[in-house]
Amino acid sequence: TYTMARPISPNQRWVTKDQAADYLGKSRRLIDYAVDLKLNNLGNESLHIKKVGNQILISISSLEETPHIMTRQKVTV
């Protein structure tokens with residue numbers, strides 16, 4: 001079952017992966033893929049993330065400023 005993430009407050013600058021998924025209207029799985037690419041320096045360079053404890057937070061402004069968020073690594077031959 002799917003549960004909604006905590007609503008984003010007006011002054012909130014950083015969101016959880018669940019909140020980012022709701023904000024973008026995408027699935028949590030796609031956000032996980034996008035963050036993994038960023039953490040491994042394989043894509044999503046403009047996405048700003050930070051770790052707080054065992055949680056990863058994503059900057060709302062970077063979500064708004066990133067025109068296309070990669071969820072899969074491109075294979076070039």
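Here, residue 1 is the first one in the sequence, and each next residue gets the next number.
Between R28 and D18, the shortest heavy-atom distance links the atoms NH1-OD1, 2.8 Å. Residues Q19 and Q12 come closest through the heavy atom pair OE1-NE2, 3.1 Å.
The other residues sharing a hydrophobic cluster with I31 are I8, V15, Y23, L24, V35, L39, L47, I49, I56, I58, I60, L63, I69, where clustering joins ILVMFWY side chains under 4.5 Å apart. Think of W14 as one node in a network of Ile, Leu, Val, Met, Phe, Trp and Tyr side chains linked at under 4.5 Å; its network also takes in V52, L57.
For residues 36-58, the pairs satisfying side-chain hydrogen bond (donor to acceptor under 3.5 Å, both in side chains) are S46-T66, with sequence neighbours left out.
The side chain to side chain contact (heavy atoms under 4.5 Å, CB included) test applied to R13 returns no partner, not counting sequence neighbours. Under the side chain to side chain donor-acceptor pair (under 3.5 Å) criterion, T71 pairs with no residue, sequence neighbours left out.
At a threshold of 4.5 Å between non-hydrogen side-chain atoms, the residues K17 and R29 do not count as touching.
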